[in-house]
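Here is the structure we will look at.
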Amino acid sequence: MIENNSLPNLVFETSWEVCNKVGGIYTVLTSRAKTLQDILGKDKLVFIGPDIWKDKENPDFKEDTALLPAWREKAEAEGLACRIGRWQIEGHPACVLVDFQPFFEKKNEIFGEAWAQSHVDSLHAYGDYDESSMFSYAAARFVEAVTPDMLAAGQRIVYQAHEWMSGLGMLRLGHTMPQIATIFTTHATSIGRSIAGNDKLLYKYFEGYQGDQMAAELGVEAKHSVEKQSAWQADCFTTVSTFTDRECRQLLDKGADVILPNGFDSTIVPAGAAFTKVRRTARGRLLDVAGALLGEKLAADTFIISTSGRNDYRCKGFDVYLESMAQLSAKLRDAGQKQTRVLALVEVPCWVNEPREDLLERLALPTKIDGPLPHPFLTHTLHNFGDDRLVKTIRGLALWNEPSDPVKVMLIPCYLDGRDGIVNLPYYDALTASDLCVYPSYYEPWGYTPLEAAAFHTPCITTDLSGFGQWVSTTLGRDAAISDGVAVLHRDDNNYFALAAEIANIAQQLIQTDKARISAYRTAAAKLARKAQWTDFIGHYLEAYRFALNKKR
């Protein structure tokens, strides 16, 4: 039983991914919003995000001028431009989108203040640092404008900032509104991600890495600085797994106060006949699109394998995935398979340009298909086709999608939101189409994609370098195999090709497995995912709230 007097009266959560789908944090926030809102009460959880859509239609956000009108007036009185409405997700939580552009003209003053108050180094900033910092500052200014009366009345307020992009504003609040309890959550350290993304050996030399030194070497001093100071100065520092906690201790010199593992809400997964219908429709659409690209009709029982996630080439293991598909194709060819048996999907947002016109024409007139299209592995045009790492890897591995290749690869280089112009399926619908999902992560603090796959009854492969993979093995008390619904494979700095071979072997095994056993694997996957629900994990957030609020007593 949760005691109401131990809960905050109001929680602000700020993130660059509020009403702005970029990566896994979006899934964290959206999948648990209703669960948390049911505990805290209606409109006691308020999200703050960047107003980057402005006059463009934002499918995630619906403005409501009747919602929290006093807040709007107080913000306007302080010269802050914002829109208040509801996030168009389950629970429809209150949401504030702040316009941070006006603060760029005061950037140097803001950064000077951050150094004076919190020792945040902004001198070495580049790229998205300025934009994120101005958003974070604007979010803090909004909270400063609307909370004084509540604080004066003794209300308990928590401000949770996600990732370094939200840190600067949280640090400001520690000085301007010290009554507010602050929580800083790092989902992946900027240094850990940079080491992995720059092809350095993160794990072999892990204990020798020093965060400040590596920040200077890799040119991420500003991001590291705001992240490290946020971890140290927040009332409660949190991260998403014991795996990442170890990383924080090594690279930020600060362990987490509370671990916040990421859960899922399986109530959104269709059941029974509804699931079967979604899966049949999604498979039909993906096979039609692939067939139009390839110039051949793919069989209804084509084995569909997929990978997906943010375009983080090495960290997400997309290189290993494509290598494993090349090995699988060779194995099937050696076994006498001379026609398409597997469709391997790569669902990864790239620098997409537009839907391919020639593909659209074929999809409109499927009876006029005559041979493969140019580049028969790509659904949309890219701005940087010649330089895209996924395209270069597909070509380098000779995954040409020749008629005799048993494995055909299809790169879908855009967010699957149901409106991409070609596939036109929401991601979760497309997920149901897969027979196997593969996520061979090298650097993955948690890993939502395998949890989502399992929740949608799809056997999947991940690695023991992901927080979710480690959670699976810990939960089972042993190394997880594909018969458990989720196979957790060992990965280190040196077993790239061996890992790809193991993935290819598992895929070949599943292709040859009878339907009854496959059905058992699918059931096992869903059963495992049900152990990672937000209803099971939300208590960790309540613990973090209590930890932070206790600092204010």
Side-chain angles (χ1 to χ4, degrees), residues 10-20 22 25 29 46-54 71-72 74-84 95-148 151 157-187 190 220-235 237:
L10 180 64
V11 173
F12 291 102
E13 278 203 66
T14 180
S15 169
W16 187 258
E17 297 196 35
V18 169
C19 295
N20 179 37
V22 178
I25 298 175
L29 303 180
V46 178
F47 291 98
I48 305 178
D51 194 2
I52 58 176
W53 291 73
K54 297 294 181 67
W71 286 15
R72 193 185 317 273
K74 290 178 179 179
E76 289 177 355
E78 293 295 323
L80 302 171
C82 66
R83 292 191 292 158
I84 300 176
C95 179
V96 180
L97 300 185
V98 293
D99 182 4
F100 55 88
Q101 293 295 330
F103 293 106
F104 273 98
E105 63 183 38
K106 297 174 58 180
K107 182 183 69 172
N108 291 337
E109 178 184 333
I110 291 168
F111 285 157
E113 177 187 86
W115 171 256
Q117 291 181 341
S118 303
H119 299 290
V120 170
D121 172 17
S122 302
L123 291 177
H124 301 93
Y126 72 95
D128 57 349
Y129 182 85
D130 289 357
E131 185 176 51
S132 298
S133 296
M134 294 307 100
F135 153 63
S136 179
Y137 179 84
R141 287 286 306 275
F142 175 84
V143 172
E144 290 170 10
V146 304
T147 57
L151 291 170
I157 299 177
V158 168
Y159 185 93
Q160 183 171 7
H162 290 271
E163 290 284 74
W164 68 265
M165 292 87 85
S166 300
L168 188 138
M170 186 212 70
L171 289 168
R172 174 184 167 86
L173 285 177
H175 295 274
T176 61
M177 310 291 284
Q179 310 98 309
I180 293 177
T182 56
I183 300 174
F184 178 66
T185 302
T186 185
H187 296 257
S190 58
V220 291
E221 292 118 307
K223 294 178 182 180
H224 172 67
S225 176
V226 71
E227 182 179 46
K228 184 173 181 178
Q229 294 303 325
S230 295
W232 275 93
Q233 297 184 40
D235 293 312
F237 174 45

Set out, in order, the CA-CA distance, both residues' side-chain angles and the distance that settles side chain to side chain contact (heavy atoms under 4.5 Å, CB included) for Val96 and Val146, then state yes or no. CA-CA 12 Å; Val96 180; Val146 304; over 6 Å; no

Mind running side chain to side chain contact (heavy atoms under 4.5 Å, CB included) on Arg172 and Glu144 for me, showing each step along the way? CA-CA 10 Å; Arg172 174 184 167 86; Glu144 290 170 10; 2.6 Å; yes

Can you name the closest pair of heavy atoms from Ser225 and Asp121 and give their distance? OG-N, 2.8 Å

Tell me, with the steps shown, if Tyr137 and Val98 meet side chain to side chain contact (heavy atoms under 4.5 Å, CB included). CA-CA 10 Å; Tyr137 179 84; Val98 293; over 6 Å; no

For the residue pair Ser118 and Gln229, confirm or rule out a side-chain donor-acceptor distance under 3.5 Å. no

Can Lys223 be said to sit on top of Tyr126's aromatic six-ring, NZ or CZ under 6.0 Å from centre and within 45° of the ring axis? yes

Just how far is it from atom CD of Glu131 to atom CE of Met165, taken to the nearest 0.5 Å? 10.5 Å

Under a 4.0 Å N-O cut-off, is there an ion pair linking Asp99 with Arg83? no

Give a yes or no on whether the backbone of Ser132 and the side-chain of Ser136 come within a donor-acceptor separation of less than 3.5 Å. no

Compare all side-chain heavy atoms of Tyr129 with those of Val220 and state whether any distance is below 4.5 angstrom. no

Closest approach of Tyr159 and Ala140, non-hydrogen atoms and distance? OH-N, 4.0 Å

Should the ring pair Phe100 and Trp16 be called parallel, tilted or perpendicular, given that the plane angle runs from 0 to 90° and is split at 30 and 60? tilted

When you look at Ser133 and Val226, which way does the side chain to side chain contact (heavy atoms under 4.5 Å, CB included) test go after all the steps? CA-CA 9 Å; Ser133 296; Val226 71; over 6 Å; no

Exactly one candidate in Thr185, Thr14, Thr182 meets side-chain hydrogen bond (donor to acceptor under 3.5 Å, both in side chains) with Gln160; the answer is Thr185

May I ask you to decide if the ring planes of Phe12 and Trp71 are parallel, tilted or perpendicular, using 30° and 60° as cut-offs? tilted

Listed by chain and number, what are the ring-ring contact (aromatic ring centres under 6.0 Å, His included) partners of Phe184, not counting sequence neighbours? none

